[in-house]
Amino acid sequence: MSEATNRKLRFKKGRSATFSIDGFSFTIVANEDADGNSRPLDRFARSKSQSALWNAITAGIGIKDKGSGSRVVLDDPQTLEEILAGELPDGPDVTEKTAIRANRSTEDAISNLMHTTLTHLEEGNGNYVRMLFIDFSSAFNTIVPLTLVTKMKALGLNTTLCHWIFDFLTNRSQVVRVGGLTSDSLTISTGAPQGCVLSPLLYNIYTHDCKANSSHTSIIKFADDTVILGLISNNNEQLYLDQVDGVAQWCQSNSLTLNITKTKEMVVDYRRQQQNYSYTPLMISGQPVERVTSFKYLGVHITEDLTWTVNTQYVLKKSRQSTLLP
């Protein structure tokens, strides 16, 4: 068997993903060791700057096409996020988020929200639920790479892989192009690139340690769409209020900014005497949070009575608009 054939077979055993930076397409290959454990290609992981990416990739992993004689890189259906997800240890909290799990979607997050709420309401006649729909200001753009890498190492990810991610997120050049005009280049070392398939997974890792502090609260996440549920019993709202304060403090410590103006709260309370009960006003950083009777969460309108009338009317209206029906 020829050396070229051997190299081709070895690459078929590895995993790779193709993505683009500044108009160039790159294929990253994660080789497998003798035990079948995937690891990032050492040559690529050792790259120290974005300008070295192309040389790091093409210096030794391409093969020559017999027809054109040009060097090409073998492609593989594995995505970059799957390669990184494969490096995660078994059972970390980060994998519970539906945004990075196969065969999961926004419907799973909505179902989780409804199931948790209805289960609590059915457990006791005096139970009710306070929902806080959190809005972040440019969540992906405020990720701090050094903080992210620290959390990745705490999850047990390979140090070389962590260094590669840090290199990928720092010293990125960005310009603004309008028509035929292009702005000066600006170097950015914060945030995750918009549109990159890896960004949602990196954000999930970044926020994996923002957790519920008791069994009477729950935090449901789908990428940067976050809901805090306060499962209230016996009118004791303190644990819910503490959870909200804890999340606000966590955001300050992790350089994420809450958009309090767009953050909304909704109360689901089936008690007959609810009209005579005054809920504790919710404040975040000294600012009051508006309470609403319905909220559009992941494209679905959820109301305080948990009926689907508002959402059905919305879907019907959109359907008529798309079909031009009166």
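All values below were derived from every heavy atom in this structure, side-chain atoms included, with hydrogens, water molecules and symmetry-related copies excluded. Quick caveat: nothing in here was measured; it's all calculated off a predicted structure.
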Quiz item: Which is it for Leu132 and Thr263 under the side chain to side chain contact (heavy atoms under 4.5 Å, CB included) test, yes or no, and what are the steps along the way?
Solution: CA-CA 7 Å; Leu132 182 65; Thr263 296; 3.6 Å; yes

Evaluate Asp242 against Gln238 for side chain to side chain donor-acceptor pair (under 3.5 Å), listing each step before the verdict. CA-CA 6 Å; Asp242 291 344; Gln238 192 57 49; 2.8 Å; yes

- Can Ile232 and His216 be said to form a side chain to side chain contact (heavy atoms under 4.5 Å, CB included), step by step? CA-CA 7 Å; Ile232 314 299; His216 294 279; over 6 Å; no

- Query: Is there a side chain to side chain contact (heavy atoms under 4.5 Å, CB included) between Val227 and Phe222 once you walk through the steps?
  - Reply: CA-CA 9 Å; Val227 184; Phe222 191 92; over 6 Å; no

| query | After noting the C-alpha distance and the side-chain angles of Leu229 and Leu231, does the key distance pass the side chain to side chain contact (heavy atoms under 4.5 Å, CB included) rule? | reply | CA-CA 6 Å; Leu229 296 181; Leu231 310 176; 4.3 Å; yes

Handout entry: Steps toward side chain to side chain donor-acceptor pair (under 3.5 Å) verdict (Thr187, Asn171)
Key = CA-CA 6 Å; Thr187 300; Asn171 297 320; 6.0 Å; no

Fill in: side chain to side chain donor-acceptor pair (under 3.5 Å) between Lys153 and Asn158, intermediate numbers included
CA-CA 7 Å; Lys153 291 180 179 178; Asn158 181 275; over 6 Å; no

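Counting heavy atoms from C-beta outward, Pro145 and Phe168 have side chains that stay 4.5 Å or more apart. Residues Thr309 and Thr303 are not in side-chain contact: their nearest non-hydrogen atoms beyond the backbone lie 4.5 Å or more apart. A heavy-atom distance below 4.5 Å is not found between the side chains of Met283 and Val289. Inter-residue side-chain proximity for Asp184 and Val175 is flagged as unmet; no heavy-atom pair is nearer than 4.5 Å. The shortest distance between side-chain heavy atoms of Leu198 and Tyr203 does not fall below 4.5 Å. A heavy-atom distance below 4.5 Å is not found between the side chains of Ile302 and Phe295. Side chains of Thr116 and Thr119 form no contact here, defined as non-hydrogen atoms less than 4.5 Å apart. The shortest distance between side-chain heavy atoms of Phe133 and Ile228 does not fall below 4.5 Å.
Between the CZ atom of Arg130 and the CG atom of Leu282 there is a distance of 6.0 Å, given to the nearest 0.5 Å. Taking CD from Gln313 and CG from Leu316, the interatomic distance works out to 8.0 Å, rounded to the nearest 0.5 Å. How far OG of Ser137 is from CG of Leu258: 8.0 Å, rounded to the nearest 0.5 Å. Put simply, CG on Leu157 and CE on Met152 are 5.0 Å apart, with the number rounded to the nearest 0.5 Å. Between the OG1 atom of Thr307 and the CG atom of Asp305 there is a distance of 3.5 Å, given to the nearest 0.5 Å. Taking OG from Ser111 and CD1 from Ile220, the interatomic distance works out to 10.0 Å, rounded to the nearest 0.5 Å.
Val144 and Leu155 fall within the same hydrophobic cluster, defined by Ile, Leu, Val, Met, Phe, Trp and Tyr side-chain heavy atoms under 4.5 Å apart, directly or through other members. Cluster annotation: Trp250 and Leu239 are assigned to distinct hydrophobic clusters (Ile/Leu/Val/Met/Phe/Trp/Tyr, side-chain heavy-atom contacts under 4.5 Å, transitive). Cluster annotation: Leu118 and Met266 are assigned to the same hydrophobic cluster (Ile/Leu/Val/Met/Phe/Trp/Tyr, side-chain heavy-atom contacts under 4.5 Å, transitive). Note on Phe166: it does not cluster hydrophobically with Ile188, by side-chain heavy-atom contacts below 4.5 Å among ILVMFWY residues. Taking hydrophobic clusters as Ile, Leu, Val, Met, Phe, Trp and Tyr residues chained together by side-chain heavy-atom distances below 4.5 Å, Ile260 shares a cluster with Tyr279.
Without hydrogens or angle criteria, Asn234 side chain to Asn236 main chain gives no donor-acceptor distance under 3.5 Å. Checking side-chain atoms of Tyr314 against main-chain N and O of Val300 turns up no donor-acceptor pair under 3.5 Å. Between the Ser199 side chain and the Pro193 main chain, a donor and an acceptor come within less than 3.5 Å of each other. Under the 3.5 Å distance criterion, the side-chain polar atoms of Ser183 are matched with a main-chain donor or acceptor of Val176. Looking at Glu237, its side chain does come within 3.5 Å of a backbone N or O of Thr280 through a donor-acceptor pair. A donor-acceptor contact shorter than 3.5 Å is absent between the side chain of His120 and the backbone of Val129. Between the side chain of Arg172 and the backbone N or O of Leu169, at least one donor-acceptor pair lies under 3.5 Å. Between the side chain of Lys221 and the main chain of Thr207, a donor-acceptor pair closer than 3.5 Å is present. Without hydrogens or angle criteria, Gln243 side chain to Asn213 main chain gives a donor-acceptor distance under 3.5 Å. Between the side chain of Thr142 and the backbone N or O of Ala139 there is at least one donor-acceptor pair closer than 3.5 Å.
Not less than 6.0 angstrom separates the ring centroid of Tyr128 from the ring centroid of Tyr270.
Contact between Thr217 and Ala212 at its shortest, heavy atoms only, is O-CB, 3.5 Å. In terms of heavy-atom proximity, Tyr297 sits nearest to Ala109 at OH-CB, 4.0 Å. Contact detail for Phe136 and Thr226: the closest heavy-atom pair is CE1-OG1, 3.6 Å.
Counting non-hydrogen atoms of neighbouring residues, nucleotides and ligands closer than 6.0 angstrom, the CD atom of Glu107 reaches no more than 12 such neighbours.
With respect to Glu304, the side-chain contact (heavy atoms from CB on, under 4.5 Å) criterion is satisfied by exactly one of Thr293, Val267, Val292: Thr293.
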